[in-house]
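For reference, the structure discussed in these notes is given below.
The shown structure was predicted, so the numbers you read here are calculated from the model rather than taken from an experiment. Below, chains carry the letters A, B, ... as their sequence lines are ordered, and counting in each starts from 1. Worth knowing before you read on, the calculation uses all heavy atoms, side chains too, and leaves out hydrogens, waters and symmetry mates.
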Amino acid sequence: EAGVTQSPTHLIKTRGQQATLRCSPISGHTSVYWYQQALGLGLQFLLWYDEGEERNRGNFPPRFSGRQFPNYSSELNVNALELEDSALYLCASSFLERTFSYNEQFFGPGTRLTVL
Amino acid sequence: AQSVAQPEDQVNVAEGNPLTVKCTYSVSGNPYLFWYVQYPNRGLQFLLKYITGDNLVKGSYGFEAEFNKSQTSFHLKKPSALVSDSALYFCAVRDNTGGFKTIFGAGTRLFVKA
């Protein structure tokens, strides 16, 4: 069974540019999560998509946005890049999330974004 | 508001000795608790979870964790550490009161010396 895949592996941008990161979940998983792992800051929750809808977002500015496609793959867009956006961005997927769900998440290898 | 604390940035243990990685949590309602491990240059891997039932949960690679409701703790343990256990460990708690957000601790780096 293929795991969660993310592309690209590395991405280098300059301040003010836009970055687009992509994620393909495990087959059968309908929920996709995005996290930011900056050096020394652990994992910070960014966004959760389920069945094509944004269900929740973390404490990040609106220039962090995304979407989930009908095949459940997802895209994270970061506009007006700032130096502090440099981090490892992790995508995770899980089975359908509904009330009282407690499914574990399966993580991809991440995209390392460097903003110069 | 829910939160997770991992009080130790780093834990050092000799190979063959038991290891403990600590985690305490704060959450409204009943907690769903998870441990994940991150090896260098790789994504996180699920180790184990507590949902309900037996307070001692067994997971992958010989790890186990004990849920203690009175102390709001969920410490990760292994009876005999291996050098290959050296990695970054994250405790996480699930918000089951409506947001369904998973909050991760800051992580604890485990070093196992040969």
Any salt bridge between B:Lys77 and B:Glu64, counting N to O under 4.0 Å? no

Can you label the angle between the B:Tyr36 ring and the B:Phe104 ring as parallel, tilted or perpendicular, going by 30° and 60°? tilted

Taking the inter-plane angle between the rings of A:Tyr35 and A:Phe107 on a 0 to 90° scale, is it parallel (under 30°), tilted (30 to 60°) or perpendicular (over 60°)? tilted

Quick one: what part of B:Leu44 sits under 4.5 Å from any heavy atom of chain A, side chain, backbone, both or neither? both

For B:Gln38, is it the side chain, the backbone, both, or neither that has a heavy atom closer than 4.5 Å to a heavy atom of chain A? side chain

Tell me, please, whether B:Phe63 has B:Lys78 positioned over its six-membered ring: NZ or CZ under 6.0 Å from the ring centre and within 45 degrees of its axis? yes

I need the contact set between residues 79-93 of chain B and chain A: heavy-atom distance under 4.5 Å, sorted by residue number. B:Leu88, B:Phe90

Side chains of B:Asn55 and B:Glu66: do they bring a donor and an acceptor to under 3.5 Å? no

If you measure only the distance, is there a donor-acceptor pair under 3.5 Å linking the side chains of B:Thr108 and B:Gln6? yes

Is A:Leu90 close to chain B through its backbone or its side chain, or both, or neither, when contacts mean heavy atoms under 4.5 Å? side chain

Between A:Gln37, A:Gln6, A:Arg112, which residue shows the highest count of heavy-atom pairs closer than 4.5 Å to chain B? A:Gln37

Are any non-hydrogen side-chain atoms of A:Thr114 and A:His10 less than 4.5 angstrom apart? no

Do B:Lys49 and B:Val57 come within less than 4.5 Å of each other through their side chains, counting heavy atoms only? no

